[in-house]
Amino acid sequence: MDKQPKRYRLLKDLPDAMAGTILTWDENYGGYVYADKVGSYDGCLMFARNVEINPDWFEEVLPEHTQERIEVKVLPYGGNGMSAYVSNGTKFPK
């Protein structure tokens, strides 16, 4: 069983992220990464010391509060588009 990385939910707006944004631990960066207000991950990093000990700003998202991410793709089918629900195997917080 794969161990899920720690995740935290932002509780207040920041200049580049809205409340509710999910921060996910990234071993490669040694910090929590998140998508900014326009969906970019470029430069969106917070150190553990700022996230994990700041309960007024962040709450941990526990692994049992996750569900499978589903993507909707339109596939060609006889000249008509057909919607298909495709799992990519990732998880996201509820």
Side-chain angles (χ1 to χ4, degrees):
M1 183 173 170
D2 291 333
K3 184 180 176 195
Q4 290 185 340
K6 282 182 100 173
R7 295 174 186 220
Y8 283 83
R9 179 177 291 113
L10 179 63
L11 299 176
K12 301 176 184 182
D13 287 345
L14 292 174
D16 67 339
M18 294 170 39
T21 298
I22 300 298
L23 293 85
T24 304
W25 177 257
D26 189 307
E27 230 15 84
N28 295 325
Y29 291 109
Y32 288 92
V33 295
Y34 60 97
D36 63 16
K37 289 181 178 179
V38 296
S40 171
Y41 284 86
D42 188 33
C44 297
L45 174 73
M46 288 196 187
F47 295 110
R49 67 179 177 263
N50 296 330
V51 174
E52 295 174 354
I53 60 169
N54 228 330
D56 292 336
W57 282 85
F58 304 97
E59 71 177 353
E60 187 171 2
V61 177
L62 301 175
E64 63 266 18
H65 295 293
T66 60
Q67 62 190 27
E68 191 171 6
R69 180 183 300 269
I70 302 295
E71 296 178 17
V72 178
K73 295 184 178 184
V74 177
L75 305 173
Y77 181 73
N80 296 322
M82 181 176 115
S83 294
Y85 296 93
V86 181
S87 169
N88 65 7
T90 63
K91 303 282 183 175
F92 69 98
K94 288 184 178 180

Checklist outcome for this item: Students should find that the hydrophobic cluster of Leu11, defined by side-chain heavy atoms under 4.5 Å apart, otherwise consists of none
Checklist entry - Minimum heavy-atom separation for Thr24 to Arg7, with atom names? => result OG1-CG, 3.8 Å
Item to check | Heavy-atom pair of closest approach, residues Trp25 and Ala48 | outcome: CZ3-CB, 3.9 Å
Once rounded to the nearest 0.5 Å, what's the spacing between atom [atom1] of [X] and atom [atom2] of [Y]?
X: Tyr34; Y: Leu45; atom1: OH; atom2: CG; answer: 8.0 Å
X: Leu23; Y: Arg9; atom1: CG; atom2: CZ; answer: 11.0 Å
X: Leu14; Y: Cys44; atom1: CG; atom2: SG; answer: 10.5 Å
X: Thr21; Y: Lys12; atom1: OG1; atom2: NZ; answer: 15.0 Å

Enumerate donor-acceptor pairs with a distance under 3.5 Å from any side-chain N or O in residues 49-58 to protein atoms, sequence neighbours excluded.
{"unit_1": "Glu52", "atom_1": "OE2", "unit_2": "Tyr32", "atom_2": "OH", "d": "2.5"}
{"unit_1": "Asn54", "atom_1": "ND2", "unit_2": "Asn50", "atom_2": "O", "d": "3.2"}

Checklist entry - Counting distance only, does the side-chain N/O of Asp26 pair as donor-acceptor with the main-chain N or O of Gly31 below 3.5 Å? => result no
